[in-house]
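So that the names make sense, note that chain A is the first sequence line, chain B the second, and so on, each numbered from 1.
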There are 2 protein chains.
Amino acid sequence: MATGRPRTFDNTEALKSALQVFWQKGYEGTSLSDLTEAMKINRSSLYATFGSKEQLFNQALDLYFEGPPKLTSAAFNESTARAVAERFLHVTADSVTNPSTPRGCLTIRGAIACGEDAESVRQELVSRRVESEMALRHRFEQAKSPGDLPAGSDPAALARYIMTIAEGMSIRAADGSTREELQDVIDIAMQAWPT
Amino acid sequence: MATGRPRTFDNTEALKSALQVFWQKGYEGTSLSDLTEAMKINRSSLYATFGSKEQLFNQALDLYFEGPPKLTSAAFNESTARAVAERFLHVTADSVTNPSTPRGCLTIRGAIACGEDAESVRQELVSRRVESEMALRHRFEQAKSPGDLPAGSDPAALARYIMTIAEGMSIRAADGSTREELQDVIDIAMQAWPT
DNA sequence: ATAGTTTTGAACCGAACGTTTCAAAACAAA
DNA sequence: TTTGTTTTGAAACGTTCGGTTCAAAACTAT
């Protein structure tokens, strides 16, 4: 049973607001004033609840990975390697142009934006992205045996290719590209797929 | 004829040093102390010579565009649209993995890293990148008449595609990808080219 | 030498940064 | 009502930020 003065904000709602701000401005581009304003809590409550700016960012990051990145995993249910790749790109294009969230990918913006003092944050973000590439690669390797992919094709290179397109789309979305423009890119990109 | 106390630094050498720092840390990630240390000049000289941090950045940007981006323009001398695209990507891959410069592209890193107070800087960087895309598009449009590109192909979409690959490679390079890995990506990417 | 001009170095500016402190406020339990 | 506990709001901490000021320094011209 809770005692003492009750808090005036919802914990996860505040975290969602923090995520939006970090997503939009990057880690170092976000100030404490930005956060307290968006989360509608004061500094004392922020530090009592979330620890510090960096700890808050890490918690917001965990929340983020339950969102857009999680959606791409649905692509792995497709039956062919080609369908997996195409679906992966489509989900990515939808995510990075979602009008109800900031544009682009938090991990890319965050990893590039942060200075050397936040190097540990950067490494975390990069390795998370490498995991996605490895998942794609693994799926493509499995596709070779049933002849789903030609014998000569290189699963690792294909996974790199798809991730490069996805990351490029994230940049373009942040620059203002529309979902339709990214769809055009995907249409062309998939023509490179081995048959 | 120059009079007064002679300056102790070389103007363009100092600008080169500033470029390196901006390239590595982004606009907002670079402090005045970072700059004066790298350029080996003090604040007074910096402001007397270059005006302000933002004006210094713009001058460093001009210098940058005489470097890596200029090299990509050599691609436009190729005789076919396909060769232009492939050369453009190869030059980009070489640039973003050049061991004697920071990894990745200054315009991408700078545009993503900066907050809203540096919005004018961001716009400048984005528009510079749009210019590259427009140059590619224009070259591809010219390629349609001699049958260099199939009648059904979309020069604008192809230019977007090539730029997306280039921007994706820049991110990967910043994350640590090698030149060879990027070459593999280009090999696959060019298979999408219309015949 | 002397005067005139430009650069240098260091101190300083107000503002904003992330973080901490603490008394007043708002509740439950006694 | 009193006591105990927790949150709140605001003020303040030291540091760093981009930018400025100014006297001393280092040169050329007279």
Engineer: Compare the minimum distances between each of dT6(C), dG19(D), dC17(D) and the side chain of Ser52(B), then state the nucleotide with the smallest one.
Structural biologist: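 The nucleotide sitting nearest to the side chain is dG19(D).
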Engineer: Counting just side-chain N and O atoms, does Arg5(A) come under 4.0 Å of either OP1 or OP2 of dA25(C)?
Structural biologist: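 Arg5(A) to dA25(C) OP1/OP2: no side-chain N or O under 4.0 Å.
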Engineer: Show, in sequence, the C-alpha distance, side-chain angles and deciding distance for Tyr47(A) and Leu32(A), and conclude whether the side-chain contact (heavy atoms from CB on, under 4.5 Å) test is met.
Structural biologist: CA-CA 10 Å; Tyr47(A) 274 81; Leu32(A) 260 293; 3.7 Å; yes
Engineer: Can you check the Ile41(A) CD1 to dG18(C) P distance for me, whole Å?
Structural biologist: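 Rounded to the whole Å, the gap is 14 Å.
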Engineer: Could you check Trp193(B) against Ile162(B) for side-chain contact (heavy atoms from CB on, under 4.5 Å), going step by step and ending with a plain yes or no?
Structural biologist: CA-CA 10 Å; Trp193(B) 200 256; Ile162(B) 295 299; 3.9 Å; yes
Engineer: Using the side-chain heavy atoms of Phe9(A), tell me which of these nucleotides is nearest: dT8(D), dT28(D), dG18(C).
Structural biologist: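 Per side-chain heavy atoms of Phe9(A), the pick is dT8(D).
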Engineer: Quick one: which of dG18(C), dG4(C), dG18(D) gets closest to the side chain of Lys53(A)?
Structural biologist: dG18(C)
Engineer: How does each nucleotide of nucleotides 11-16 of chain D score, in 5' to 3' order, for protein heavy atoms under 4.0 Å: base (B), sugar-phosphate only (S), or none (-)?
Structural biologist: ------
Engineer: Check the distance between dT7(C)'s P and Arg7(B)'s CZ and give it to me in whole angstrom.
Structural biologist: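 The distance from CZ of Arg7(B) to P of dT7(C) comes to 5 Å, rounded to the nearest Å.
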Engineer: Using atom CG of Leu46(B) as one end and atom C1' of dG9(C) as the other, report the distance to the nearest whole Å.
Structural biologist: 14 Å
Engineer: In sequence, state the C-alpha distance, the side-chain angles, and the governing distance for Gln183(B) and Ile186(B), and then conclude on side-chain contact (heavy atoms from CB on, under 4.5 Å).
Structural biologist: CA-CA 5 Å; Gln183(B) 301 282 9; Ile186(B) 296 175; 4.2 Å; yes
Engineer: Is the shortest distance from a Lys or Arg side-chain nitrogen in Glu141(A) or Arg137(A) to a carboxylate oxygen in the other one below 4.0 Å?
Structural biologist: yes
Engineer: Which residue, Tyr47(B) or Pro6(A), contacts DNA chain D at a nucleotide closer to its 5' end, judged by nearest heavy atom?
Structural biologist: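 The answer here is Pro6(A).
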Engineer: Tell me, please, whether Phe22(B) has Lys53(B) positioned over its six-membered ring: NZ or CZ under 6.0 Å from the ring centre and within 45 degrees of its axis?
Structural biologist: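 Lys53(B) over Phe22(B) ring: no.
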Engineer: Do the non-hydrogen side-chain atoms of Val96(B) and Leu182(B) ever get within less than 4.5 Å of each other?
Structural biologist: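 Yes, side chains in contact.
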Engineer: Any side-chain N or O of Ser45(B) below 4.0 angstrom from OP1/OP2 of dT8(C)?
Structural biologist: yes
Engineer: Take the C1' atoms of the five end pairs on each side of the helix from dA1(C)-dT30(D) to dA30(C)-dT1(D), derive the two axes, and give their angle rounded to 10 degrees.
Structural biologist: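 So the angle between the two local helix axes works out to 10°.
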Engineer: Arg160(B) and Glu181(A): salt bridge (Lys or Arg N to Asp or Glu O under 4.0 Å), yes or no, with the steps?
Structural biologist: CA-CA 8 Å; Arg160(B) 263 202 298 274; Glu181(A) 287 171 339; 3.8 Å; yes
Engineer: Which residues satisfy the ring pair (Phe, Tyr, Trp, His ring centres under 6.0 Å) test with Phe50(A), sequence neighbours excluded?
Structural biologist: none
Engineer: Between dT7(C) and Thr8(B), is there an OP1 or OP2 to side-chain N/O distance shorter than 4.0 Å?
Structural biologist: no
Engineer: Would a distance-only check, ignoring hydrogens and angles, find a side-chain to backbone donor-acceptor pair under 3.5 Å from Asp148(A) to Ala81(A)?
Structural biologist: yes
Engineer: Rounded off to whole Å, could you give me the CG-to-P distance for the Asn42(B) and dA26(D) pair?
Structural biologist: 14 Å
Engineer: How would you label the contact of Thr30(B) with the nucleic acid (heavy atoms, under 4.0 Å): base, sugar-phosphate, or nothing?
Structural biologist: sugar-phosphate
